[in-house]
Amino acid sequence: MRLFDMLQWRGFVHQVTHPELADALEKGPMTLYCGFDPTADSLHIGSLLPIMGLAHFQRAGHRVIALVGGGTGLIGDPSGKTDERSLMTKEQVAAYVEGIRRQLEYFLRFDGPNPAIMLNNADWLAELPLLDFLRDIGKHFSVNAMLNRESVRKRIEDREHGISYTEFSYSLLQAYDYLHLCREYECRLQVGGSDQWGNIVAGMDLTRRLLGTDTFGMTFPLVTKADGSKFGKSEAGNVWLDPERTSPYRFYQFWINQADADVPRFLRFFTFLSQKEIEALEACIQSEPEKRAAQRRLAEEVTRLVHGEDALAGAVKASQAVFGGALQGLDEATLNEVFSEAPGTELPRAVLAEGRALLDVLVGAGVFSSKGEARRMVKSGGLYLNNERVDAEDARLTEQALITEHIAVIRTGKKNYHLLRFV
RNA sequence: GGUGGGUUGCCCGAGUGGCUAAAGGGGACGGGCUGUAAACCCGUUGGCUUGCGCCUACCGUGGUUCGAAUCCACGACCCACCA
């Protein structure tokens, strides 16, 4: 299958500037780039789609450039934003660039044959003399046309928010990037999110005018969910690629919990599984949805890709423990990670020695607001200690309640956890 | 400014002197079922003790009464109609 057809089958193609791109890609290696905004020190899964896109190009033998916007990040892209953004400091942006650079290295090969290239547009934008820029670049942009751009027009019509000259100029800078990369790296294609269409086209125009080179542009679709909610958010907030921000366990769980209706698309987007494999998994969703083989495979593939084999094994093990029942055998570090979002209470070890009444301790720890509520919970079979149902209202808390050196895991209902740490 | 109606537990809402910790619904929580889903079914939903016991509760304050969410007075707030 041709690369372009494969991308189309996977759903990566939202818009293309020229249909000829499909053939052009078959004629030999092409250089392409995609920009990443340093708006935080980590990418979140919203950036996963462009990253996967780049990876497909690299696998097909094309030369990919990952451009981190260390320069444009200082200005701020107005695309899709309703408010003027507050400027970030140079130090902040520099730090973010570093964080993002490290993460991209997990997805793209930067060594061996046909290595990917990582660039930072601060390297050329920061040096750009203002007068030269205005004469050589600015001359080619019609303000009339720019005012018609959706992202700009909205902001101008809305007196509440407005748009500063700084953000208005953003598109020129991104256009200049394309020009620069075309000149220095023979870059012929820019890809990006669907909100980047305008910026991409602006870059192509500039490149044609100044270099006489025809280039391509292509955008990826916005990732949507069948139920209309926003992709990329979990109950705990944004899902990040940085394991410090979103633990591999949470990450794995995020994918496991995707709806049946979304999984086929997500398998195409976020895994390298073949068409055959994906179609087989789709058949499973139809024939035996309760097994959720597709979700499991999706979670496995993406977690392995982002966090590696070891982290995946840990996440699977933790998931089995939490949802399968037995907590025994998990170490303290894993427990703390799995329950990192669950509330916890520190208690003196003496409590165990005294053998205090479990319900009293739980009321004290804020698990229940009254003893009556605690009793009711036990009566209806909703209280668990280390995932084993507590059925005696007068149960006492002793050393035996500990699952590890310091921890006892309290659960009410299906998934409300509370950790008791004895120090 | 006048007249009439209202203020109930997390929310809505029944309740017009004792049988009312207060119907019913929603929500929430728990159990069952299940696919770490949806739907559905059952249960719980003031506190303390848990066997019938006590305490605190129906806007606030005071009163009538053996007994008041329920009657009366005053106050606060809300709504409607009239000016």
Side-chain angles (χ1 to χ4, degrees), chain A residues 45 224-237 239 246-267 280-303 312-327 330 334-335 337-343 356-396 409-419:
Chain A
I45 54 173
T224 55
K225 296 210 297 180
D227 66 3
S229 63
K230 196 172 189 296
F231 172 76
K233 297 248 189 216
S234 72
E235 287 162 32
V239 178
T246 301
S247 72
Y249 168 73
R250 296 274 158 211
F251 190 83
Y252 179 82
Q253 284 292 319
F254 169 80
W255 295 104
I256 277 274
N257 284 319
Q258 294 304 322
D260 292 358
D262 291 321
V263 174
R265 256 178 328 118
F266 291 176
L267 283 167
L281 287 168
E282 281 178 284
C284 286
I285 297 177
Q286 294 300 322
S287 60
E288 36 188 15
E290 71 283 357
K291 288 200 173 156
R292 297 191 315 140
Q295 276 92 338
R296 284 175 207 285
R297 190 65 192 276
L298 173 67
E300 261 170 50
E301 293 296 322
V302 188
T303 307
L312 168 64
V316 171
K317 194 174 150 198
S319 298
Q320 282 167 351
V322 173
F323 295 98
L327 289 175
L330 292 190
T334 309
L335 280 177
E337 186 206 287
V338 170
F339 298 118
S340 60
E341 264 123 67
R356 291 248 294 273
L358 176 63
L359 297 193
D360 285 337
V361 175
L362 294 182
V363 170
V367 177
F368 299 112
S369 59
S370 75
K371 214 163 164 190
E373 186 188 331
R375 270 186 232 279
R376 259 177 257 128
M377 189 60 85
V378 173
K379 260 182 201 153
S380 55
L383 179 66
Y384 304 79
L385 172 63
N386 301 322
N387 273 356
E388 281 169 29
R389 183 172 276 170
V390 175
D391 41 29
E393 290 178 28
D394 55 359
R396 311 217 152 252
V409 181
I410 297 298
R411 188 181 108 213
T412 59
K414 283 190 173 38
K415 41 188 168 188
N416 301 307
Y417 287 92
H418 191 107
L419 258 52

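So that the names make sense, note that chain A is the first sequence line, chain B the second, and so on, each numbered from 1. This one's a predicted model, so the numbers in the text were calculated from it and none came from an experiment.
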Check your understanding: Among all residues two or more places apart in sequence or in another chain, which pass the side chain to side chain donor-acceptor pair (under 3.5 Å) test with A:Thr412?
Key ->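 Checked A:Thr412 against side chain to side chain donor-acceptor pair (under 3.5 Å); zero matches.
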
Please tell me which of the listed nucleotides, [options], lies nearest to the side chain of [X]?
| X | options | result |
| --- | --- | --- |
| A:Thr412 | B:G35, B:G30, B:U36 | B:G30 |
| A:Asn416 | B:G32, B:U36, B:C29 | B:C29 |
| A:Arg296 | B:U36, B:G35, B:C29 | B:U36 |

Taking the same atom, [atom1], in [N] and in [M], what whole-Å distance lies between them?
| N | M | atom1 | answer |
| --- | --- | --- | --- |
| B:A76 | B:U61 | C1' | 11 Å |
| B:U36 | B:G43 | C1' | 23 Å |
| B:C66 | B:C71 | C1' | 16 Å |

Exercise for review: Report which part of the nucleic acid A:Gln253 touches: base, sugar-phosphate, or nothing (heavy-atom distance under 4.0 Å, all strands).
Suggested key: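 Contact class for A:Gln253: base.
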
Check your understanding: Reckon A:Tyr384 touches a base, only the sugar-phosphate, or nothing at all at heavy-atom distances under 4.0 Å?
Key ->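 Sugar-phosphate only.
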
Practice item. Heavy atoms under 4.0 Å is the rule here; annotate nucleotides 37-48 of chain B 5' to 3' with B where the base is hit, S where only the sugar-phosphate is, and - elsewhere. Key: S------SS-SS

Atom pair distance, as rounded to whole Å: [atom1] in [X] and [atom2] in [N]:
| X | N | atom1 | atom2 | value |
| --- | --- | --- | --- | --- |
| A:Tyr249 | B:U36 | OH | P | 13 Å |
| A:Lys291 | B:G35 | NZ | C1' | 12 Å |
| A:Arg411 | B:U36 | CZ | P | 12 Å |

Check your understanding: Is any side-chain N of the basic residue among A:Arg297 and A:Glu301 closer than 4.0 Å to the acidic one's carboxylate O?
Key ->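 Counted as a salt bridge, because a side-chain N and a carboxylate O are separated by less than 4.0 Å.
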
Check your understanding: Quick one: salt bridge (charged side-chain N to carboxylate O under 4.0 Å, His left out) partners of A:Arg265, sequence neighbours excluded?
Key ->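 Once residues adjacent in sequence are excluded, the partners of A:Arg265 under the salt bridge (charged side-chain N to carboxylate O under 4.0 Å, His left out) criterion are A:Asp262.
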
